[in-house]
Q: 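After the structure tokens below, expect a handful of questions from me.
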There are 2 protein chains.
Amino acid sequence: MGITKIESYSSDVLSLSEVFKALGHPARLSIVSYLLKKGTCICGDIVDELPLAQASISRHLQALKTAGVIKGEISGTSVCYCLSNEHLETILTLIHSIKLSIPKTCCDETV
Amino acid sequence: MGITKIESYSSDVLSLSEVFKALGHPARLSIVSYLLKKGTCICGDIVDELPLAQASISRHLQALKTAGVIKGEISGTSVCYCLSNEHLETILTLIHSIKLSIPKTCCDETV
DNA sequence: ATATTATATCGCAATATTACGATATTTATA
DNA sequence: TATAAATATCGTAATATTGCGATATAATAT
């Protein structure tokens, strides 16, 4: 108990939920937000931006990378990170579908 | 340590990351997927659908409701749940922005 | 070669999440 | 009123996540 029964789900559901999970932490969402503004970052940029230790930032960057939200390129002594579009189309389709399905589905109300 | 430093983030970032977090579990994403297909559900529908105990399903439904992903209406002895659009526009905008920002931002590659 | 810089990983402690059975609550029905 | 049906909550155990300091790794510069 206490462990997610991952064996019960399709790989589609699992990989998409991993992406959402990666975005589901304020530090990681802040990193994504930073990348939206600046385009790229190195670990040290985020260390200056958030009140977390370098080790913690590095772990969050790894989590985003593992989920396919960002990718990193070694560049000298640092690693240049940028957003990846690997799962964006899937998420857009999902959210858009939800949006479209709502008017006709809700229990009592009209919206 | 070990606890998320939620006091360091804006309420915007916090509430949006809560939505992503809610979608970041395969059982909850499966519930959303079920709602997309069927429009509404009661707790028992999901109990039949997923290999989890009724108590666990109920908790997942509460988590989705707390994050504003679904809403529930009491209907006789059961509760009718359906999707909510509370945060969809924000997510769509965010994901769409990421998608648009990618071509010009990535380190070495052209995409 | 050695030092510097930037990032990643390790080990640990604190906290959060997940899941379950048991039980409580609430509404409808006999 | 008593029973049944559906959902929510409680208590607990197992596991996962978060964060930190310390350390390792890797590339550059002296």
Side-chain angles (χ1 to χ4, degrees), chain A residues 1-9 13-14 17-31 34 40-67 70-82 107-108, chain B residues 1-9 13-14 17-31 34 40-67 70-82 107-108:
Chain A
M1 317 97 183
I3 183 173
T4 302
K5 295 176 143 189
I6 56 168
E7 69 281 2
S8 314
Y9 305 97
V13 165
L14 285 175
S17 67
E18 285 299 317
V19 176
F20 282 122
K21 187 172 166 185
L23 296 171
H25 186 285
R28 293 192 292 266
L29 198 54
S30 299
I31 291 173
Y34 182 94
T40 64
C41 74
I42 63 174
C43 181
D45 293 336
I46 310 298
V47 172
D48 294 339
E49 203 76 11
L50 300 179
L52 297 178
Q54 180 269 325
S56 306
I57 301 289
S58 184
R59 278 167 74 97
H60 283 306
L61 286 167
Q62 292 315 302
L64 287 167
K65 193 174 152 200
T66 300
I70 65 174
K71 49 188 174 174
E73 297 269 326
I74 293 172
S75 156
T77 64
S78 52
V79 177
C80 177
Y81 288 102
C82 62
C107 312
D108 288 353
Chain B
M1 316 99 184
I3 184 174
T4 302
K5 295 174 143 189
I6 56 169
E7 69 281 2
S8 314
Y9 305 97
V13 165
L14 285 175
S17 67
E18 285 299 316
V19 177
F20 282 123
K21 186 171 166 185
L23 296 171
H25 187 285
R28 293 192 292 266
L29 199 55
S30 299
I31 291 172
Y34 181 94
T40 65
C41 74
I42 62 173
C43 182
D45 294 335
I46 309 297
V47 172
D48 295 339
E49 202 78 9
L50 300 179
L52 296 178
Q54 180 267 327
S56 306
I57 301 289
S58 183
R59 278 169 73 96
H60 282 306
L61 285 167
Q62 292 315 302
L64 286 168
K65 192 172 153 205
T66 300
I70 64 175
K71 49 189 174 175
E73 296 269 328
I74 294 173
S75 157
T77 64
S78 52
V79 177
C80 177
Y81 287 101
C82 62
C107 313
D108 289 353

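Quick note on labels: first sequence line is chain A, next is B, and so on, each numbered from 1. Computed from a predicted model, the values in this text were never measured in an experiment.
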Q: Using the 3.5 Å cut-off, write out each protein N or O paired with an N or O of nucleotides 7-12 of chain C and the distance between them.
A:
unit_1, atom_1, unit_2, atom_2, d
dT7(C), OP1, Cys43(A), N, 2.9
dT7(C), OP2, Gly44(A), N, 2.9
dA8(C), OP1, Gln62(A), NE2, 3.1
dA8(C), OP1, Tyr81(A), OH, 2.2
dA8(C), OP2, Ser58(A), OG, 3.0
dA8(C), OP2, Tyr81(A), OH, 3.4
dA8(C), N7, Gln54(A), NE2, 2.8
dA8(C), N6, Gln54(A), OE1, 2.9

Q: How far apart are the closest heavy atoms of Leu61(B) and Ile31(B), and which atoms are they?
A: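 For Leu61(B) versus Ile31(B), the nearest heavy atoms are CD2-CG2, 3.9 Å.
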Q: Identify every side-chain donor-acceptor pair in residues 23-30 of chain B under 3.5 Å, counting partners at least two apart or on other chains, and give the distances.
A:
unit_1, atom_1, unit_2, atom_2, d
His25(B), ND1, Ala27(B), N, 3.0
His25(B), NE2, Thr4(A), OG1, 3.3
Arg28(B), NE, Ala22(B), O, 2.7
Arg28(B), NH1, His60(B), ND1, 3.1
Arg28(B), NH2, Lys21(B), O, 3.3
Ser30(B), OG, Pro26(B), O, 2.7

Q: What is the distance from CD1 of Ile70(B) to C1' of dT7(D), rounded to the nearest Å?
A: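 Roughly 13 Å, once rounded to whole Å.
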Q: In whole angstroms, how far is the C1' atom of dA5(D) from the CD1 atom of Ile74(B)?
A: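 Nearest whole value for this atom pair: 15 Å.
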Q: Is the shortest side-chain N/O distance from Lys21(A) to OP1 or OP2 of dA16(D) below 4.0 Å?
A: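 For dA16(D), neither OP1 nor OP2 has a side-chain N or O of Lys21(A) closer than 4.0 Å.
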Q: If you take all heavy atoms of Ile42(A) and Cys80(A), which pair is closest and at what distance?
A: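 In this case the closest contact between Ile42(A) and Cys80(A) is CG2-CA, 4.4 Å.
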Q: Calculate the interatomic distance between Ile57(B) atom CD1 and dA6(D) atom C1'; express it in whole Å.
A: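 Rounded to whole Å, this separation is 14 Å.
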Q: Which residue lies toward the 5' end of DNA chain D, Ser75(A) or Ala63(A), if each is placed at its nearest nucleotide?
A: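 Closest to the 5' end, via its nearest nucleotide, is Ala63(A).
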Q: Could you tell me whether the side chain of Asp48(B) and the main chain of Asp45(B) form a donor-acceptor pair under 3.5 Å?
A: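 The answer is no, because no donor-acceptor pair under 3.5 Å joins these two groups.
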Q: Any side-chain N or O of His60(B) below 4.0 angstrom from OP1/OP2 of dA19(C)?
A: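 Indeed, a polar side-chain atom of His60(B) lies that close.
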Q: Would you kindly give the CD-to-C1' distance between Glu73(B) and dA8(D), to the nearest whole Å?
A: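 In whole Å, dA8(D) C1' lies 17 Å from Glu73(B) CD.
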Q: How close do Gly72(B) and Tyr81(B) get, counting heavy atoms only, and between which atoms?
A: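 That would be CA-CD2, 3.6 Å.
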Q: Tell me the interatomic distance from Leu52(A), atom CG, to dT17(D), atom C1', rounded to whole angstroms.
A: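 Going from CG in Leu52(A) over to C1' in dT17(D) covers 13 Å.
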Q: Taking CD1 from Ile46(A) and C1' from dG19(D), how many angstroms apart are they, rounded to a whole number?
A: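 In whole Å, dG19(D) C1' lies 17 Å from Ile46(A) CD1.
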Q: Please report, rounded to the nearest Å, how far the P atom of dT17(C) is from the CZ atom of Phe20(A).
A: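 In whole Å, dT17(C) P lies 19 Å from Phe20(A) CZ.
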Q: Show the atom names and distances, to 0.1 Å, of all donor-acceptor pairs under 3.5 Å that link a side chain in residues 49-56 of chain B to residues at least two apart or in another chain.
A:
none

